[in-house]
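It should be emphasised that the depicted structure is a prediction, and the values quoted were computed from it without experimental measurement. Sequential numbering from 1 along the given sequence is applied to the chain's residues.
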Amino acid sequence: MSYSLVWFKRDLRWHDHAALAQAIQQGPIRCIYIVEPELWLQPDAALQHFEFIRESLQDLDSHLRSLGGQIEVHHGEATDVLSRIWQQAPFCGVFSHEETGNSWTFKRDRKVATWCKEHRITWNEFPQFGVVRGLKNRDMWQSAWERHMRAPQSHMESLRFWRPADTKGFDLQAPSHLQHNPPMRQSGGRKQALSTLRSFLNARSLGYRGGISSPVSAPDACSRLSAYLTYGCISMREVVQSTRAALEQLPPQASRHRGGLTAFISRLYWHCHFIQKLESEPAIEWQNMHRGYDGLREHDFNLEYFEALKQGRTGWPMVDACVEMLRETGWLNFRMRAMLVSVAAYPLWLHWRPVGEWLATQFLDYEPGIHWSQLQMQSGTTGINTTRVYNPVKQAQDHDPQGRFVKQWLPRMRHVPPAWLFQPWLMPPSMRSHDGAPIDIIEPLVDLATATRESKHLLHQRRQNPSVKAAKQQVVDKHASRKNTHSFKKPSASRATHKQQLGFDFD
């Protein structure tokens with residue numbers, strides 16, 4: 001008896017899993033996950049990613065075993081694993097979700113496609129997010145996103161498993177070379193994802209509007225679903241539909257709650273919008289989206305500045321505190337992420353690629369499509385976005401006025417008087433000690449105002465180049481959002497709510 005092979009990648013769930021649902025209709029299924037050694041040698045891989053996947057797979061395996069099946073963990077290159085399975089027991093088709101990953105997974109998928117063609121096996125792939133493969137332009141993208149999100153969720157009514165004679169145990173040990181597993185990171189698994197979604201929809205979303213910018217309030221006000229979406233513990237469609245259902249149940253007077261959930265849906269839309277950029281142009285992972293910015297920073301890279309940034313020793317307390325929070329938790333709110341990239345790109349004048357590789361290992365929720373699009377946007381190399389420069393002193397004053405965040409993550413700052421907390425290098429020498437011991441004051445790597453002004457001048461000078469200006473339209477045609485008010489409108493949405501969603505600035 002033949003069977004279908006369901007290949008789990010970054011879709012570690014059993015509910016609303018299109019590949020699983022379609023494979024079931026063909027007959028018995030066999031579920032596999034492949035640990036690919038070369039994938040974990042890539043510079044964007046970290047131990048926290050592997051451990052989160054392991055936890056999610058354990059949750060998935062436990063559920064499948066309760067239904068009489070299991071998730072088999074295989075090790076090796078994908079085509080080699082498929083060949084071994086095929087030789088042991090031929091299968092009639094491969095089912096999986098489409099993956100918009102890094103350049104390595106892109107090349108791997110092309111090899112798998114060739115292998116399937118050579119073996120006359122159909123590889124059935126299904127969209128994971130509201131991302132369109134083979135998209136020619138963005139004109140109808142919003143309507144495609146809406147169709148995907150409004151489609152019924154896939155349910156498993158019955159399962160028939162094909163089990164090999166030598167049933168494999170659950171073997172998933174992290175490669176010894178992997179590093180960085182924050183002690184306070186989120187745990188993986190669908191059960192954790194659902195718990196996080198419920199707590200956000202029912203209570204935490206009350207603080208979403210106005211609460212997600214400050215690193216003090218953001219850990220509770222943000223949805224905290226990003227890692228679960230990245231590894232597919234929960235589907236984007238399930239989150240969108242659950243949020244819309246929660247909106248429908250709110251009483252008319254719950255304006256604050258409604259505003260939070262409405263703004264959240266907008267960000268779910270932009271989540272897919274940015275992944276679509278990498279899907280449409282994989283090269284933006286390693287080259288400037290607008291090639292007119294080539295050579296802008298690459299040849300001036302200051303390794304000393306980069307190492308200071310990674311160690312949280314830039315001298316700007318807000319920046320260094322964010323680095324420490326990342327090191328301990330694997331998470332940081334969006335505004336502070338943008339500030340980190342802005343500081344790296346402008347006053348420190350660091351090229352986005354090495355910075356992006358480092359941050360990819362620090363973010364538990366590293367999603368290549370969002371990550372590289374944002375690195376380029378915040379660094380000013382897309383050629384179509386407004387220059388975004390975040391002053392780390394002003395960000396501290398605006399979003400941590402009491403210094404709670406800085407003092408929490410930088411113990412050396414706890415004895416600095418409030419008046420000097422965000423610019424401690426300006427303190428008089430007579431104040432730089434506490435109980436007879438010197439306070440660890442780090443001088444900023446550069447003069448913030450001067451370095452920022454000079455970097456903006458260099459960027460804007462390049463932007464005014466006639467050839468750079470002429471090539472801008474090509475980037476707009478390929479990547480810019482099309483705000484079609486008809487295709488994105490929800491049947492139950494008010495006109496005001498709709499405008500609010502479309503007007504969201506991913507900043």
Side-chain angles (χ1 to χ4, degrees), residues 7-12 32-61 71-82 84 99-112 168-189 226-227 230-233 282 285-286 301 303-304 306-313 323-332 340 344 350-369 371-372 375:
W7 178 17
F8 285 84
K9 295 192 282 183
R10 292 163 68 95
D11 49 356
L12 307 179
I32 68 168
Y33 180 84
I34 306 175
V35 178
E36 303 163 275
E38 284 193 24
L39 174 61
W40 294 102
L41 289 173
Q42 301 309 303
D44 55 0
L47 180 58
Q48 64 171 333
H49 304 149
F50 192 97
E51 290 301 317
F52 189 92
I53 289 172
R54 182 181 60 79
E55 293 159 359
S56 301
L57 280 169
Q58 286 177 329
D59 195 18
L60 174 61
D61 183 63
I71 181 84
E72 298 175 26
V73 177
H74 295 260
H75 297 257
E77 185 178 339
T79 52
D80 290 341
V81 170
L82 292 176
R84 289 199 299 267
E99 181 178 3
T100 305
N102 60 17
S103 59
W104 190 90
T105 64
F106 176 73
K107 294 173 183 176
R108 175 255 278 146
D109 282 353
R110 295 182 68 175
K111 293 179 182 177
V112 170
K168 297 175 65 68
F170 193 92
D171 177 21
L172 197 59
Q173 298 297 320
S176 59
H177 71 275
L178 287 178
Q179 299 179 357
H180 189 58
N181 187 24
M184 300 169 63
R185 68 165 174 82
Q186 291 174 279
S187 299
S226 55
T230 292
Y231 295 102
C233 300
E285 179 187 348
W286 64 84
F301 195 86
L303 186 58
E304 179 184 350
F306 186 36
E307 290 301 320
L309 175 64
K310 292 193 293 183
Q311 296 302 318
R313 305 282 293 181
V323 172
E324 290 298 327
M325 181 179 179
L326 265 181
R327 184 176 294 131
E328 294 297 312
T329 71
W331 185 86
L332 192 64
L340 282 184
L350 299 174
H351 187 250
W352 54 267
R353 176 64 192 183
V355 174
E357 289 180 343
W358 165 62
L359 286 175
T361 66
Q362 302 301 295
F363 296 153
L364 175 63
D365 56 10
Y366 165 56
E367 179 67 64
H371 187 77
W372 296 113
L375 258 294

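Within the 4.5 Å cutoff, the side chain of D44 has no heavy atoms near those of the E357 side chain. Here the side chains of L326 and L340 are in contact, with some heavy-atom distance below 4.5 Å. Residues Q173 and R54 fail the side-chain proximity criterion, which asks for heavy atoms closer than 4.5 Å. You'll find the side chain of M184 stays beyond 4.5 Å of the side chain of W331, heavy atoms only. The closest side-chain heavy-atom distance from W286 to W372 is not below 4.5 Å. By the 4.5 Å heavy-atom criterion applied to side chains, L364 and T329 are not counted as neighbours.
For the atom pair CD1 (I53) and CD (Q58), the distance works out to 12.5 Å, reported to the nearest 0.5 Å. Q186 CD to S226 OG: the interatomic distance, rounded to the nearest 0.5 Å, is 6.5 Å. In this structure, CG on N181 lies 11.5 Å from CZ on F50, to the nearest 0.5 angstrom. Rounding to the nearest 0.5 Å places CD1 of I32 at 5.5 Å from CG of L82.
Taking F106 as the reference, nothing meets the ring pair (Phe, Tyr, Trp, His ring centres under 6.0 Å) condition, with sequence neighbours excluded. With sequence neighbours excluded, no residue forms a salt bridge (Lys or Arg N to Asp or Glu O under 4.0 Å) with E304. Under the ring pair (Phe, Tyr, Trp, His ring centres under 6.0 Å) criterion, H371 pairs with F363, Y366, sequence neighbours left out. Under the rule for a side chain to side chain donor-acceptor pair (under 3.5 Å), K107 has no partner lying at least two apart in sequence or in another chain. For R327, the side chain to side chain donor-acceptor pair (under 3.5 Å) partners two or more places apart in sequence, or in a different chain, are E324. Residues forming a ring pair (Phe, Tyr, Trp, His ring centres under 6.0 Å) with Y231 (at least two apart in sequence, or on another chain): F52. A search for side chain to side chain contact (heavy atoms under 4.5 Å, CB included) contacts involving D59 returns W14, R190, K191, not counting sequence neighbours. With sequence neighbours excluded, the residues forming a side chain to side chain contact (heavy atoms under 4.5 Å, CB included) with E38 are W104, listed by chain and number. Under the side chain to side chain contact (heavy atoms under 4.5 Å, CB included) criterion, D80 pairs with E77, R84, sequence neighbours left out. Residues meeting the side chain to side chain donor-acceptor pair (under 3.5 Å) test with W7, sequence neighbours left out: none. By the ring pair (Phe, Tyr, Trp, His ring centres under 6.0 Å) test, Y33 is found to be paired with no residue, residues two or more places apart in sequence or in another chain being considered. Among residues two or more places apart in sequence or in another chain, the side chain to side chain contact (heavy atoms under 4.5 Å, CB included) test is passed with E99 by K9, R10, T105, R108, D109.
The backbone N or O of L47 lies less than 3.5 Å from no partner atom in the side chain of Q179, so there is not a single donor-acceptor pair.
Of all heavy-atom pairs between D61 and I71, the closest is OD1-N, 2.9 Å. Taking all atoms of both residues into account, the shortest heavy-atom contact from D365 to T230 is O-OG1, 3.1 Å. A pairwise comparison of heavy atoms in G189 and S56 identifies N-OG, 3.0 Å as the closest pair. Of all the heavy atoms in A46 and T361, the pair that sits closest is CB-O, 3.4 Å. Residues G330 and Q48 share a closest heavy-atom pair of CA-OE1, 3.8 Å. Taking each heavy atom of W40 and A45 in turn, the nearest pair found is CE3-CB, 3.8 Å.
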| task | Go through the steps to decide whether L332 and V323 satisfy the test side chain to side chain contact (heavy atoms under 4.5 Å, CB included), and finish with yes or no. | result | CA-CA 9 Å; L332 192 64; V323 172; over 6 Å; no
